[in-house]
Amino acid sequence: MPELPEVEITRLGVESRFVEKCLTNIEIRQPMLRWPIPEAVKQVEGLRLESAQRRSKYLLLNFSAGTVMIHLGMSGALRIVPATSAWQKHEHIQWSFGDLAMRLHDPRRFGSVDFLVAGTEHARHPRLSHLGVEPFSEAFTAEHLFKCSRGRKVSVKAFLLQGHAVVGVGNIYASESLFRAGIRPGRSASRLSRADCAKLAEVIKAVLREAVEAGGSSLRDFSGIDGELGHFQNQTFVYDRQGLDCRVCKTSVRRIVQNQRSSFYCPECQKK
DNA sequence: CAACCGCCCTGGGAGC
DNA sequence: TGCTCCCAGGGCGGTT
């Protein structure tokens with residue numbers, strides 16, 4: 001399930017392989033993903049990939065004519081393949097850089113491919129304009145989290161997932177961060193103290209950084225562009241561990257459902 | 001605006 | 001063995 005660390009792993013892979021290379025061909029096999037892939041993505045054919053950026057969970061591939069914006073949804077991954085190799089099931093689009101190509105593999109097709117014409121600021125794109133701050137940026141502080149959570153009656157878990165305050169924290173890393181901060185997922189965001197926010201900001205950065213170092217989480221579908229699996233899922237404290245002993249205090253980990261989504265927590269370690 | 005819910009999609013697992 | 005049902009969940013759109 002691609003969250004920020006998985007997208008970052010993918011970005012690093014694309015950057016190391018294809019930046020400065022010429023995108024020789026684009027082939028769309030399944031134009032209908034989350035939204036239809038716009039014809040305009042073809043405009044970058046024949047151009048050099050200038051840089052690979054990430055904003056939230058979006059991968060931004062910059063060319064002189066514009067930016068290709070890729071979202072991996074919840075089952076997407078980019079794969080490196082020889083440009084002429086046979087299409088595999090669930091591979092929807094191919095970007096060839098000479099003999100080597102990159103394909104989007106996404107069984108559930110919750111991912112998307114969009115195009116931003118050059119000259120439009122990334123931040124002004126409707127999908128990007130309402131996003132919160134990047135967790136690794138200087139703007140992500142305890143005070144920022146505190147301010148954003150004022151008046152927010154939603155649970156702190158839902159608050160983190162919304163991405164209005166900070167982006168990139170999905171279901172796995174929200175549960176893990178709240179565990180490390182000792183905060184129950186069901187607690188109202190509005191009731192977080194300054195100290196809670198300080199702790200939460202600190203552990204979110206740590207969890208995400210550790211996940212990037214672990215190559216991300218490969219629970220079901222995710223792998224890096226060379227097929228390498230992440231191993232963060234083996235070191236989670238609570239995520240997907242309902243009924244198992246808490247790694248810290250041996251209490252049984254609980255699973256609850258919030259906003260139709262699973263949350264995991266230790267009732268002993270998370271009392272706040 | 002906030003809160004909430006339904007929907008998109010497929011594979012995998014449980015239960016019968 | 002195969003069927004049916006349910007679940008995984010990010011993000012958007014509609015409603016209250």
Side-chain angles (χ1 to χ4, degrees), chain A residues 1-10 29-38 54-60 69-79 87-93 103-114 125-132 134-135 147-178 185-192 204 208 211 216-223 229-230 232-233 236 238-243 253 255-264:
Chain A
M1 268 160 265
E3 299 181 29
L4 184 146
E6 291 75 26
V7 179
E8 183 62 16
I9 293 295
T10 303
R29 190 177 171 235
Q30 167 57 270
M32 194 58 211
L33 301 181
R34 173 76 202 258
W35 301 285
I37 299 175
R54 180 190 55 72
R55 172 73 175 107
S56 184
K57 297 168 189 167
Y58 292 94
L59 195 57
L60 305 172
M69 191 165 105
I70 302 170
H71 197 293
L72 299 176
M74 69 165 287
S75 60
L78 292 177
R79 295 171 163 180
W87 286 91
Q88 303 295 306
K89 204 177 179 185
H90 306 306
E91 290 180 341
H92 307 307
I93 177 168
R103 287 185 188 163
L104 175 62
H105 177 264
D106 185 4
R108 270 156 280 189
R109 307 216 302 269
F110 271 28
S112 64
V113 177
D114 273 295
H125 188 277
R127 303 247 159 78
L128 304 178
S129 62
H130 297 105
L131 296 174
E134 284 291 325
K147 273 190 187 154
C148 290
S149 59
R150 293 313 84 189
R152 300 301 311 280
K153 293 185 180 171
V154 283
S155 66
V156 60
K157 165 78 180 326
F159 170 72
L160 291 176
L161 288 188
Q162 282 173 349
H164 298 327
V166 59
V167 298
V169 182
N171 216 39
I172 299 173
Y173 302 114
S175 276
E176 290 302 298
S177 299
L178 289 169
R187 180 150 179 224
S188 166
S190 63
R191 294 190 54 248
L192 293 172
I204 284 171
L208 294 176
S217 298
S218 294
L219 278 161
R220 284 165 191 89
D221 309 282
F222 179 77
S223 65
L229 299 175
F232 189 80
Q233 71 280 5
T236 60
V238 288
Y239 184 81
D240 209 18
R241 286 178 51 79
Q242 69 274 27
V253 171
R255 171 183 178 271
I256 58 170
V257 175
Q258 300 177 280
N259 305 82
Q260 289 119 278
R261 231 137 273 186
S262 299
S263 300
F264 304 87

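Residue numbering restarts at 1 for every chain, and letters A, B, ... go by the order of the sequence lines. Bear in mind the structure is a predicted one, so any value in this text is a computation, not a measurement.
Comparing A:Val154 and A:Gln260, the nucleotide of DNA chain B nearest to each residue sits closer to the 5' end for A:Val154.
If you check every strand for non-hydrogen atoms under 4.0 Å, A:Arg150 touches nothing. Contacts of A:Phe159 with the nucleic acid, taken as non-hydrogen atoms under 4.0 Å apart, are absent. The residue A:Arg261 sits close to a base: some heavy atom pair falls under 4.0 Å. Contacts of A:Arg127 with the nucleic acid, taken as non-hydrogen atoms under 4.0 Å apart, involve only primed sugar atoms and P, OP1 or OP2. Backbone-only engagement by A:Ser262 is indicated by non-hydrogen atom pairs under 4.0 Å involving sugar-phosphate atoms exclusively.
Applying the salt bridge (charged side-chain N to carboxylate O under 4.0 Å, His left out) criterion to A:Arg79, with sequence neighbours excluded, gives A:Glu91. Not counting sequence neighbours, the partners of A:Arg187 by the salt bridge (charged side-chain N to carboxylate O under 4.0 Å, His left out) test are A:Asp196. A:Arg152 meets the salt bridge (charged side-chain N to carboxylate O under 4.0 Å, His left out) test with no other residue; sequence neighbours excluded. Not counting sequence neighbours, the partners of A:Gln258 by the side chain to side chain contact (heavy atoms under 4.5 Å, CB included) test are A:Ser155, A:Lys157, A:Pro185, A:Ile256, A:Ser263.
A:Tyr173 has its ring centre no less than 6.0 Å from the ring centre of A:Tyr239.
Atom NE2 of A:His71 is separated from atom C1' of C:dC12 by 11 Å (rounded to the nearest Å).
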Output a table of nitrogen or oxygen pairs between the protein and nucleotides 14-16 of chain C separated by less than 3.5 Å.
none

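Of the candidates C:dG11, C:dG10, B:dA3, the closest approach to any side-chain atom of A:Lys153 belongs to B:dA3. Across C:dG11, B:dA3, C:dA8, the shortest atom-to-atom separation from the side chain of A:Arg152 is found for B:dA3.
Salt bridge status for A:Lys57 with A:Glu6: absent, with no side-chain N to carboxylate O gap under 4.0 Å.
Evaluation of atom-type donor-acceptor distances gives a pair under 3.5 Å for the side chain of A:Arg34 against the base of C:dG11. Judged by distance alone, with hydrogens and angles left aside, A:Arg108 brings a side-chain donor or acceptor within reach of the base of C:dA8, the pair sitting under 3.5 Å.
More than 12 heavy atoms of other shown residues, nucleotides or ligands fall within 6.0 angstrom of atom CZ in A:Arg29.
End-to-end axis angle of the helix from B:dA2-C:dT16 to B:dC16-C:dG2, from C1' rotation axes over five pairs per end: 40° (rounded to 10 degrees).
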